Chemist: 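Can you keep this structure in mind? I'll have questions shortly.
It should be emphasised that the depicted structure is a prediction, and the values quoted were computed from it without experimental measurement.
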Amino acid sequence: MKLLSLKQIAAWTGGKLDPKYNDVLVRGVNTDSREVKPGQLFIPLAGTRVDGHNFIGRAMDAGAAGVLTAKTPKRDIPAVQVRDTLEAFGMLAAAYRASLSVKVIAITGSVGKTTTKEMLAAILRQRFSTTWTEGNHNNNLGLPMSIMDIEPKTELSVLELGMNHFGEISYLTKIARPNMAIFTNIGTMHIEYLGSRAGILKAKMEVLEGMGEDGIVVMNGDEPLLWELRDRMDKKHYYFGVSNAECDVRATNIITEDDGVRFTLTGIGRTMEIAVPSSGRHTVYNALAAAAAALLSGAEPEDLVEGLAGFENAGMRQRIIEQSGYTIIDDCYNAGPESMAASLEVLASHSCKGRRIAVLGDMMELGCVSSAEHYRIGRLAAKKKIDLILAYGANASRVIAGAITGGIPYQNAAGYDDQDQLIHELRTRVQPGDVLLFKGSRGMKMERVLKQFLADYDD
C-alpha cells in the first residue's frame, strides 16, 4: 500500500480527525491487533463475540500509527472516528482503488473461482507486476484487505468475488471497479438463499455494476445459462469452453493423467500445447478461463505455458498426498454438487492398486434440493465404480441410499453423524494401495478427519 495520511483517510471515509494528526502517515492496514506492524492503521471490527475496539491499546503499543474507530478512544491517539468501521473500511478500499492505475480482473462463479484466480496469477506474473487475492479473501472484509495491499506500481490485480446472498457482489464490485470479469460457471452452491440457478446467475451478474463501458467479460460457453447471454451483453465478451465449437477459446485433444491434464488450447489468434499439474477435466475449464483472460490482458503464449506448468493450487484443494502406501486426494476446502462430482471423477480416473474410497461430508446451503443432491451424489459414486463410500453429516443417509440403489454393495457404504466414529471406521477398513478422496463443505471440517488419518499412518 502507498503511504496515506490520516487526513486523506478521514476525507475518504467521512470520518472525524483532530487536525493535529492530519499529517500522520500509515503504510498499511490491519484488522487483527495481534498482527499489527509498526506504521499500520488498525481497524477494529465489532464481531458477535469479540469487539476489536477493546484491543486498540494493544495495537497502539505494537506500533500502529493510528486507528479507524467507531468508538472514542480512552486515550489521546491518532484516530479517525467513523460511524461503522466495516463500512468505512469498504469506503477506504474503494477510494484507494480509484487512486491507482492498476487494471483489475474480478472472478466470480459457483465453483473454481480460487483455482482460476491462482492459475491466472501464475500466468500474469510471468510478464506483469501482479497481485491477487490471498487464499479466499473474497468477502466484504477480505476484498478490501486485498485492495489495500496493492502497491502503486502494480499493473494487474486478480480479485475473487464471493457471495451467498443477493447484493453482496454488487457491494464488492463497486469497491473493486473491475476492468474485466470472469464467470467460471453457474452451479447450485448457495441455492438455499438464491432460490434457483437463475437466481444464482442474477446474483453473479451483479459484478457488471462496477464495470465501465469498456469492460470485458469472459464466460463459460459450455454453460447454457451463460451462453444464452451472448446476444444480450452490452459489453465486449468472450467465451471459453470444450464442447461448444463457437467458443472464442477452446481446449481439444484433452488427456487426463494422475498428475495433471494436457490439452491443445486454441483461441484469440493463438494455438499452444498446455500442461497443468492438477487432475480432472474441470481443471481444463479453470485453465481456459485463466488463459482467455491472460491473452486479453496482453500475455504471450510462453507466459501461459510456463505459468500453468508451474501452477500450485491454494490450501485444501485437490492436493495429492502419498503416504504409507496410500494416495490421498485432499479436497477438504469446500463442496457443492458440481465440485463433488468433479472430485469423484478425479478419484474414479486415478490409477489404483487397491480400492477407491470416497470420504464425503455434507454439502451445505442447498436448501430444498439438498436431499435430492446428496442422493444424486451417492448414485454418481456408484456409477463411477467407487469401491467404498463413507459419508458424514445430517445427509449421510441420503448419500448412502443413492450409492446402494446405484449398485454399491450395502457393506461398502456407511454413514455417520459422528466424526470420531468415521475416523475409527477408516482405521479399520483402509489398506495400503487404496486411493482416498476427502471432501465436504467447509462447515463439515473434513480436514480434521484427514489430519487424524494421516497422523495414524505417519511414517
Chemist: Please lay out, stage by stage, how E151 and K2 fare under the test salt bridge (charged side-chain N to carboxylate O under 4.0 Å, His left out).
Modeler: CA-CA 6 Å; E151 295 294 337; K2 63 183 179 181; over 6 Å; no
Chemist: Tell me whether K117 contacts the main-chain N or O of V158 through its side chain, where contact means a donor paired with an acceptor under 3.5 Å.
Modeler: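 Checking the backbone N and O of V158 against the side chain of K117, no donor-acceptor pair under 3.5 Å is found.
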Chemist: Show your reasoning for whether salt bridge (charged side-chain N to carboxylate O under 4.0 Å, His left out) applies to E223 and R197.
Modeler: CA-CA 11 Å; E223 165 52 61; R197 291 182 71 242; 2.8 Å; yes
Chemist: Do NZ/NE/NH1/NH2 and the carboxylate oxygens of E300 and R127 come within less than 4.0 Å?
Modeler: no
Chemist: Would S146 and E134 count as a side chain to side chain donor-acceptor pair (under 3.5 Å) if you check the C-alpha gap in whole Å, the side-chain angles of each, and the deciding distance to 0.1 Å?
Modeler: CA-CA 7 Å; S146 295; E134 179 182 348; over 6 Å; no
Chemist: Backbone N or O of Q421 within a donor-acceptor pair of the D418 side chain at under 3.5 Å?
Modeler: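 Yes: the side chain of D418 pairs with the backbone of Q421.
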Chemist: Identify the heavy atoms of I123 and A299 that sit nearest to each other, and give their distance.
Modeler: CG2-CB, 4.2 Å
Chemist: Which distance, rounded to the nearest 0.5 Å, do you find between the CD1 of I329 and the CG of L347?
Modeler: 5.0 Å
Chemist: Would you say the rings of F55 and F42 are close, in the sense that their centroids are separated by under 6.0 Å?
Modeler: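 Distance test on ring centres: not under 6.0 Å, no.
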Chemist: Heavy-atom distance under 4.5 Å between the side chains of Q452 and L426, does that happen here?
Modeler: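 No, too far: nothing below the 4.5 Å cut-off.
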Chemist: Would K204 and F183 count as a cation-pi pair here, with the cationic atom under 6.0 angstrom from the ring centre and within 45° of the axis?
Modeler: no
Chemist: E447 and K439: salt bridge (charged side-chain N to carboxylate O under 4.0 Å, His left out), yes or no, with the steps?
Modeler: CA-CA 8 Å; E447 68 275 10; K439 188 169 181 65; over 6 Å; no
Chemist: Quick one: does R97's side chain have a donor or acceptor within less than 3.5 Å of a partner on R177's backbone?
Modeler: yes
Chemist: Would a distance-only check, ignoring hydrogens and angles, find a side-chain to backbone donor-acceptor pair under 3.5 Å from T173 to V207?
Modeler: yes
Chemist: Among T108, T133, T114, find the residue that satisfies the side-chain hydrogen bond (donor to acceptor under 3.5 Å, both in side chains) test when tested with E160.
Modeler: T114
Chemist: With a 3.5 Å distance limit and no angle check, can you tell me whether Q419 reaches the backbone of K445 through a side-chain donor-acceptor pair?
Modeler: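 Indeed, once roles are kept as given, a pair shorter than 3.5 Å links the two residues.
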Chemist: Check D331 against S343 and note the closest heavy-atom contact, atom names and distance.
Modeler: OD2-OG, 2.5 Å
Chemist: Parallel, tilted or perpendicular: which one describes the rings of F438 and F453, with boundaries at 30° and 60°?
Modeler: tilted
Chemist: May I ask you to test the E209-M205 pair for a side-chain heavy-atom distance under 4.5 Å?
Modeler: no
Chemist: Of the non-hydrogen atoms in G162 and I169, which two are nearest, and what is the gap between them?
Modeler: O-CG1, 4.0 Å
Chemist: Counting only N and O atoms by type, is there a donor-acceptor contact under 3.5 Å from the side chain of Q40 to the main-chain atoms of K37?
Modeler: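 It does hold such a pair.
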Chemist: Checking H374 side chain against S370 main chain: does a donor-acceptor pair fall under 3.5 Å?
Modeler: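 Answer holds: yes.
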Chemist: Minimum heavy-atom separation for V82 to A88, with atom names?
Modeler: CG2-CB, 3.7 Å
Chemist: Determine, step by step, whether V242 and I254 satisfy the side chain to side chain contact (heavy atoms under 4.5 Å, CB included) criterion, reporting the C-alpha distance in whole Å, the side-chain angles of both residues, the deciding distance to 0.1 Å, and the verdict.
Modeler: CA-CA 9 Å; V242 175; I254 299 172; 3.7 Å; yes
Chemist: Would N30 and E35 count as having a side-chain donor-acceptor pair, cut-off 3.5 Å?
Modeler: no
Chemist: Between D362 (side chain) and N395 (backbone), is there a donor-acceptor pair under 3.5 Å?
Modeler: yes
Chemist: What are the two closest heavy atoms between L225 and A198, and how far apart are they?
Modeler: CD1-N, 4.4 Å
Chemist: Donor-acceptor check, side chain of T69 to backbone of K71, threshold 3.5 angstrom: yes or no?
Modeler: yes
Chemist: Output side-chain donor-acceptor pairs under 3.5 Å for residues 212-220, partner residues at least two apart or in another chain, one line each.
Modeler:
unit_1	atom_1	unit_2	atom_2	d
N220	OD1	D222	N	2.9
N220	ND2	T184	O	3.0

Chemist: May I have the step-by-step check of side chain to side chain donor-acceptor pair (under 3.5 Å) for S129 and E155, ending in yes or no?
Modeler: CA-CA 5 Å; S129 173; E155 297 172 276; 5.0 Å; no
Chemist: Tell me whether N139 contacts the main-chain N or O of G142 through its side chain, where contact means a donor paired with an acceptor under 3.5 Å.
Modeler: yes
Chemist: With sequence neighbours left out, write down each residue that passes ring-ring contact (aromatic ring centres under 6.0 Å, His included) with W227, or none if nothing qualifies.
Modeler: Y239
Chemist: Apply salt bridge (charged side-chain N to carboxylate O under 4.0 Å, His left out) to R75 and D61, showing your working.
Modeler: CA-CA 12 Å; R75 66 193 204 208; D61 292 342; 3.3 Å; yes
Chemist: For side chain to side chain donor-acceptor pair (under 3.5 Å), just list the numbers for T131 and S157, CA-CA rounded to whole Å, side-chain angles, deciding distance to a tenth of an Å, and then say yes or no.
Modeler: CA-CA 5 Å; T131 65; S157 185; 2.9 Å; yes
Chemist: How far does NE2 of H53 sit from OG1 of T72, to the nearest 0.5 angstrom?
Modeler: 9.5 Å
